[in-house]
Novice: 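Right, I'll just put the structure down here and ask away after.
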Amino acid sequence: MASTRRTTSIDRNTNETKIKIAISLDGGSLDSLDSATTEHASQTSSAQSISINSGIGFLDHMLHALAKHSGWSLSLTCAGDLHIDDHHTAEDCALALGQAFKQALGPIVGYKRFGTGFAPLDEALSRAVVDLSNRPHSVVELNLKREKIGQLSCEMIPHVMASFAQMAGITMHVDVLRGENDHHKAESAFKALALALKEATSRTGNMDVPSTKGVL
């Protein structure tokens with residue numbers, strides 16, 4: 001298992017959005033990055049390749065942070081019905097990302113399973129706790145006050161996290177413990193989630209199912 005690179009690509013097409021995702025949970029290069037290059041949500045190094053273009057700048061920023069601090073390489077493009085509003089695009093990007101994560105992860109065998117992350121951003125502090133339970137459930141309390149950050153509705157930010165958890169098949173609790181600035185609170189929450197996912201998906205070096213039931 002240790003030598004297997006956890007990667008996949010998916011297309012998710014509806015009447016509302018057209019999404020392409022390529023992901024590697026272990027970082028490295030991705031073949032499909034060129035088509036997704038943007039100025040503000042792309043980063044390439046020897047360890048990771050990240051390029052995100054959802055059509056919503058602040059969502060790109062959050063998914064960039066999630067990928068960076070999870071250790072993923074991620075390519076995501078979305079053509080969505082933003083002439084209506086941000087709902088379908090934000091929700092569908094999260095659903096597709098959760099689906100890709102679950103597909104790349106594979107069976108929950110040889111994983112740590114549980115992960116916890118704390119992330120500060122100036123005055124804001126967030127906590128995330130993750131269980132690769134195969135039982136989708138999320139509790140997200142971000143305490144955001146603004147109507148929007150950039151072109152992303154603040155009501156959609158916890159919904160993005162919940163939609164990701166739904167398709168990823170994970171139990172997820174994310175809380176902003178303190179903070180004043182909504183940008184800082186949201187970003188620290190995504191960074192905390194990234195750290196929790198990185199720990200939960202770390203390999204243990206054996207082929208045990210991390211459950212007393214013997215199956216997840």
Side-chain angles (χ1 to χ4, degrees), residues 9-24 30 32-44 48-70 72-102 119 121-122 124 126 128 138 140-168 170 172 174 176 179 181-194 197:
S9 60
I10 66 167
D11 289 356
R12 186 182 192 274
N13 297 317
T14 72
N15 289 335
E16 297 163 346
T17 57
K18 313 295 183 192
I19 299 170
K20 293 181 179 293
I21 291 180
I23 189 171
S24 168
L30 289 174
S32 57
L33 278 169
D34 290 345
S35 63
T37 299
T38 62
E39 293 182 0
H40 64 285
S42 62
Q43 185 174 14
T44 302
Q48 289 174 275
S49 297
I50 301 168
S51 191
I52 299 163
N53 186 358
S54 69
I56 304 173
F58 192 71
L59 179 60
D60 294 352
H61 183 41
M62 294 300 96
L63 297 183
H64 184 185
L66 179 66
K68 178 63 180 177
H69 297 287
S70 295
W72 302 344
S73 288
L74 176 64
S75 170
L76 182 151
T77 60
C78 176
D81 56 0
L82 291 174
H83 61 285
I84 296 177
D85 67 5
D86 60 339
H87 185 100
H88 298 146
T89 294
E91 179 181 62
D92 287 4
C93 283
L95 292 171
L97 183 58
Q99 178 186 346
F101 170 87
K102 184 177 179 65
L121 180 54
D122 295 343
S126 295
S138 60
V140 183
E141 297 287 348
L142 305 185
N143 300 313
L144 303 176
K145 300 173 183 176
R146 292 167 56 176
E147 181 180 354
K148 287 187 172 185
I149 306 176
Q151 294 303 308
L152 181 62
S153 303
C154 281
E155 69 175 5
M156 287 305 300
I157 297 175
H159 186 61
V160 162
M161 289 186 163
S163 297
F164 170 80
Q166 176 186 340
M167 292 302 290
I170 63 174
M172 185 180 84
V174 182
V176 171
N181 182 283
D182 278 356
H183 185 133
H184 291 173
K185 288 190 282 187
E187 187 171 344
S188 71
F190 274 90
K191 288 176 176 177
L193 177 58
L197 288 168

Novice: Measuring from Arg146:CZ to Cys154:SG, what's the distance to the nearest 0.5 Å?
Specialist: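 Between atom CZ of Arg146 and atom SG of Cys154 there are 6.5 Å.
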
Novice: For the pair Asp81 (side chain) and Ile84 (backbone), establish whether a donor and an acceptor sit closer than 3.5 Å, ignoring hydrogens and angles.
Specialist: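 Side chain of Asp81 to backbone of Ile84, a donor-acceptor pair under 3.5 Å: no, none is there.
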
Novice: Flag the pair Phe190 / Met161 as yes when at least one side-chain heavy-atom distance between them is below 4.5 Å, and no otherwise.
Specialist: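 Touching, per the 4.5 Å side-chain cut-off.
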
Novice: State, with a plain yes or no, whether a side-chain heavy atom of Leu121 is found less than 4.5 Å away from one of Asn181.
Specialist: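 With C-beta onward as the side chain, the pair stays apart.
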
Novice: So Leu95 and Arg12, do their side chains get closer than 4.5 Å, heavy atoms only?
Specialist: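 Yes. Closest side-chain heavy atoms under 4.5 Å.
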
Novice: Would you give the length of the straight line joining atom CG of Leu59 to atom CD of Glu91, rounded to the nearest 0.5 angstrom?
Specialist: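 Taking CG in Leu59 and CD in Glu91, the distance rounds to 12.0 Å.
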
Novice: Under the 3.5 angstrom rule, does the side chain of Gln48 hit a backbone N or O of Ala67 as a donor-acceptor pair?
Specialist: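 Answer holds: yes.
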
Novice: In the structure I gave you, are the side-chain heavy atoms of Lys185 and Lys145 within less than 4.5 Å of one another anywhere?
Specialist: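 Of all side-chain heavy-atom pairs linking Lys145 with Lys185, at least one is under 4.5 Å.
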
Novice: Please report the interatomic distance CG(Leu144) to CD1(Ile149), rounded to the nearest 0.5 Å.
Specialist: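 Reported value, rounded in 0.5 Å steps: 5.5 Å.
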
Novice: In terms of heavy-atom contacts, does CD of Glu155 have more than 12 from other residues, nucleotides or ligands at under 6.0 Å?
Specialist: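 Open.
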
Novice: If I compare all heavy atoms of Cys78 with all of Ile19, which pair ends up nearest, and what's the gap?
Specialist: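 Distance-wise, the nearest heavy atoms are SG-CG1, 3.6 Å.
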
Novice: Where do Met172 and Ala162 come nearest, in terms of heavy atoms and distance?
Specialist: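 Met172 and Ala162 have their closest heavy atoms at CE-N, 4.3 Å.
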
Novice: Which heavy atom of Ala168 sits nearest a heavy atom of Phe101, and at what distance?
Specialist: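 For Ala168 versus Phe101, the nearest heavy atoms are CB-CD2, 3.6 Å.
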
Novice: Are Trp72 and Ile50 close enough that some pair of their side-chain heavy atoms sits under 4.5 Å apart?
Specialist: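 Answer no - side chains too far apart.
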
Novice: Can Ser126 and Ser188 be said to form a side chain to side chain donor-acceptor pair (under 3.5 Å), step by step?
Specialist: CA-CA 6 Å; Ser126 295; Ser188 71; 2.6 Å; yes

Novice: If you take all heavy atoms of Pro158 and Val140, which pair is closest and at what distance?
Specialist: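 Looks like CB-CG1, 3.7 Å.
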
Novice: Go through the structure and list residues passing salt bridge (charged side-chain N to carboxylate O under 4.0 Å, His left out) with Asp86, not counting sequence neighbours.
Specialist: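 Salt bridge (charged side-chain N to carboxylate O under 4.0 Å, His left out) list for Asp86, sorted by chain: empty.
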
Novice: Taking atom CG of Asn15 as the centre, does the number of heavy atoms from other residues, nucleotides or ligands within less than 6.0 Å exceed 12?
Specialist: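 It does not: Asn15 CG has 12 such atoms or fewer within range.
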
Novice: Rounded to the nearest 0.5 Å, what separation is found between the CG atom of Leu82 and the CD1 atom of Ile56?
Specialist: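 Going from the CG atom of Leu82 to the CD1 atom of Ile56 covers 5.0 Å.
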
Novice: Asp60 side chain to Ala41 main-chain N or O, any donor-acceptor pair under 3.5 Å?
Specialist: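 Pair absent, no side-chain N/O of Asp60 close to backbone of Ala41.
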
Novice: Could you state the interatomic distance from CD1 (Ile21) to SG (Cys93), rounded to the nearest 0.5 Å?
Specialist: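 Reported to 0.5 Å precision, the distance equals 6.5 Å.
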
Novice: Quick one: are Leu97 and Met167 in side-chain contact, heavy atoms under 4.5 Å?
Specialist: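 No, their side chains stay 4.5 Å or more apart.
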
Novice: Can you measure from OG1 (Thr77) to NZ (Lys18) and round to the nearest 0.5 angstrom?
Specialist: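 If I round to the nearest 0.5 Å, the distance is 12.5 Å.
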
Novice: On the 0 to 90° scale, with breaks at 30° and 60°, tag the Phe58-His183 ring pair as parallel, tilted or perpendicular.
Specialist: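 Because their plane-to-plane angle is over 60°, the rings of Phe58 and His183 count as perpendicular.
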
Novice: What pair of heavy atoms forms the shortest contact from His184 to Asp122, and how long is it?
Specialist: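 Looking at all heavy atoms of both residues, the closest pair is CE1-OD2, 3.2 Å.
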
Novice: Can you find a heavy atom in the side chain of Ile170 that is under 4.5 Å from one in the side chain of Leu197?
Specialist: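 Contact flag for Ile170/Leu197 side chains = yes.
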
Novice: Who pairs with Ala128 by side chain to side chain contact (heavy atoms under 4.5 Å, CB included), at least two apart in sequence or on another chain?
Specialist: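 If we apply the side chain to side chain contact (heavy atoms under 4.5 Å, CB included) test to Ala128, skipping adjacent residues, the hits are Val174, Ala192, Leu193, Ala196.
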
Novice: Apply side chain to side chain contact (heavy atoms under 4.5 Å, CB included) to residues Glu16 and His87 and explain how you reach the verdict.
Specialist: CA-CA 10 Å; Glu16 297 163 346; His87 185 100; over 6 Å; no

Novice: Determine yes or no for a side-chain-to-main-chain donor-acceptor pair under 3.5 angstrom, with Ser9 supplying the side chain and Ala22 the backbone.
Specialist: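 No.
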
Novice: Determine whether Gln99 and Lys102 make a side-chain contact, defined as any pair of heavy atoms from C-beta on separated by less than 4.5 Å.
Specialist: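 Counting from C-beta outward, Gln99 and Lys102 never come under 4.5 Å.
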
